[in-house]
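Some notes on the structure that comes next.
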Amino acid sequence: PSTMSFSEAEVQSARGAWEKIYVDAEDNGTTVLVRMFTEHPDTKSYFAHFKGMDSAEEMKQSDQVRGHGKKVFTAINDMVQHLDNSEAFLGIVNPLGKKHATQLKIDPKNFRIICDIILQLMEEKFGGDCKASFEKVTNEICTHLNNVYKEAGW
């Protein structure tokens with residue numbers, strides 16, 4: 001039973017929008033994280049090895065920041081491939097949410113922050129239509145992650 005309500009057209013346009021930004025997964029993922037760390041410095045506290053970095057330039061050059069940026073984009077990419085299969089989608093979201101809730105203890109509001117920065121970047125690079133096509137996906141991701149957190153007793 002599908003818990004997600006994406007029409008075929010929505011799935012296609014979301015994938016089209018995502019592909020544009022995913023082509024440069026490492027660079028765009030890095031940009032998103034650097035923005036998050038710069039605009040929301042408290043988010044750096046979760047990453048021991050990013051803590052001492054204050055300049056955006058320094059962060060951009062960091063292998064750890066680049067690696068994690070790519071990891072975030074790869075995870076979202078896996079979700080985007082399964083927008084039309086809720087079971088597979090949740091098979092990716094659930095363990096990811098559990099790990100962030102129980103092991104890493106990341107505040108779930110940070111998922112919304114990351115998603116909003118991705119949407120902002122899409123709009124800057126590819127325009128409002130691109131952003132609009134992907135907005136529903138970010139809402140789904142955040143909603144499901146928040147549900148996992150609730151189940152984990154967050």
Side-chain angles (χ1 to χ4, degrees), residues 1-51 53 59 62-123 130-154:
S2 173
T3 51
M4 297 193 298
S5 52
F6 285 97
S7 70
E8 188 50 39
E10 284 173 324
V11 169
Q12 293 311 325
S13 74
R15 281 185 184 150
W18 175 248
E19 270 162 25
K20 290 180 181 171
I21 201 163
Y22 188 65
V23 171
D24 296 313
E26 192 176 314
D27 280 346
N28 287 325
T30 301
T31 299
V32 167
L33 284 188
V34 170
R35 261 189 212 186
M36 178 174 80
F37 294 146
T38 321
E39 293 168 14
H40 306 269
D42 56 304
T43 56
K44 277 198 298 187
S45 65
Y46 294 109
F47 296 92
H49 43 273
F50 303 166
K51 259 188 213 155
M53 292 183 200
M59 290 179 217
S62 154
D63 287 340
Q64 278 119 332
V65 175
R66 299 190 71 79
H68 197 73
K70 188 161 191 200
K71 212 179 192 172
V72 169
F73 267 48
T74 304
I76 295 174
N77 190 57
D78 291 344
M79 295 173 201
V80 170
Q81 301 319 312
H82 296 102
L83 293 175
D84 43 11
N85 177 344
S86 167
E87 212 172 308
F89 179 88
L90 293 174
I92 297 158
V93 172
N94 290 342
L96 187 87
K98 255 193 200 101
K99 185 183 179 184
H100 282 75
T102 58
Q103 287 173 31
L104 306 170
K105 309 219 184 315
I106 306 280
D107 189 318
K109 76 174 189 322
N110 294 320
F111 295 121
R112 187 70 262 175
I113 292 172
I114 281 199
C115 283
D116 286 344
I117 296 171
I118 289 172
L119 292 173
Q120 189 186 24
L121 191 63
M122 280 182 158
E123 186 167 30
C130 182
K131 176 191 172 187
S133 300
F134 204 67
E135 230 154 347
K136 190 171 177 181
V137 176
T138 62
N139 292 338
E140 270 315 314
I141 292 172
C142 289
T143 300
H144 287 294
L145 284 168
N146 282 326
N147 291 343
V148 176
Y149 267 72
K150 278 186 197 116
E151 281 163 30
W154 185 266

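For the single chain, residues carry numbers from 1 onward in sequence order.
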Who pairs with Asp42 by salt bridge (charged side-chain N to carboxylate O under 4.0 Å, His left out), at least two apart in sequence or on another chain?
Lys109

Do other residues, nucleotides or ligands put more than 12 heavy atoms under 6.0 Å from Lys70 NZ?
no

Mind listing the side-chain donor-acceptor pairs of residues 95-103 below 3.5 Å, one per line with the distance, residues two or more places apart or on another chain?
from: His100; atom 1: ND1; to: Leu96; atom 2: O; distance (Å): 2.9
from: Thr102; atom 1: OG1; to: Lys98; atom 2: O; distance (Å): 2.6

Residues passing the side-chain hydrogen bond (donor to acceptor under 3.5 Å, both in side chains) test with Asn110, sequence neighbours excluded, are none

Mutual orientation of the aromatic rings belonging to Phe47 and Phe50 [parallel < 30°, tilted 30-60°, perpendicular > 60°]
parallel

Any side-chain heavy atom of Arg112 sitting closer than 4.5 Å to one from Thr138?
yes

Heavy-atom side-chain proximity of Trp154 to Lys105 below 4.5 angstrom:
yes

Those residues that, when tested against Gln12, pass side-chain hydrogen bond (donor to acceptor under 3.5 Å, both in side chains) (two or more places apart)
Glu8

For Lys131, salt bridge (charged side-chain N to carboxylate O under 4.0 Å, His left out) partners two or more places apart:
Glu123

Is a side-chain donor or acceptor of Lys136 paired with a backbone partner of Ala14 at a separation under 3.5 angstrom?
no

Check: Ile76 main-chain N/O paired with Tyr22 side-chain donor or acceptor under 3.5 Å
no

Listed partners of Phe6 passing ring-ring contact (aromatic ring centres under 6.0 Å, His included), at least two apart
none

In the structure I gave you, are the side-chain heavy atoms of Val72 and Val32 within less than 4.5 Å of one another anywhere?
no

Who pairs with Arg66 by side-chain hydrogen bond (donor to acceptor under 3.5 Å, both in side chains), at least two apart in sequence or on another chain?
Glu26, Asp27

Sorted by chain and number, sequence neighbours left out, salt bridge (charged side-chain N to carboxylate O under 4.0 Å, His left out) with Glu135 holds for none

Under the rule for side-chain hydrogen bond (donor to acceptor under 3.5 Å, both in side chains), what residues qualify as partners of Asn28, not counting sequence neighbours?
Lys125

With sequence neighbours excluded, tell me which residues meet salt bridge (charged side-chain N to carboxylate O under 4.0 Å, His left out) with Asp78.
none

For Gln120, enumerate each residue passing the side chain to side chain contact (heavy atoms under 4.5 Å, CB included) test, keeping only those at least two apart in sequence or located in another chain.
Arg35, Ile117, Glu124

Under 3.5 Å, is there a donor-acceptor pair linking the side chains of Ser133 and Arg15?
no

Between the side chain of Asn146 and the main-chain N/O of Cys142, is any donor-acceptor distance below 3.5 Å?
yes

Suppose we screen for side chain to side chain contact (heavy atoms under 4.5 Å, CB included). Which residues come up paired with Lys20, at least two apart in sequence or across chains?
Phe126, Cys130

Without hydrogens or angle criteria, can the side chains of His68 and Gln64 be said to hold a donor-acceptor pair below 3.5 Å?
no

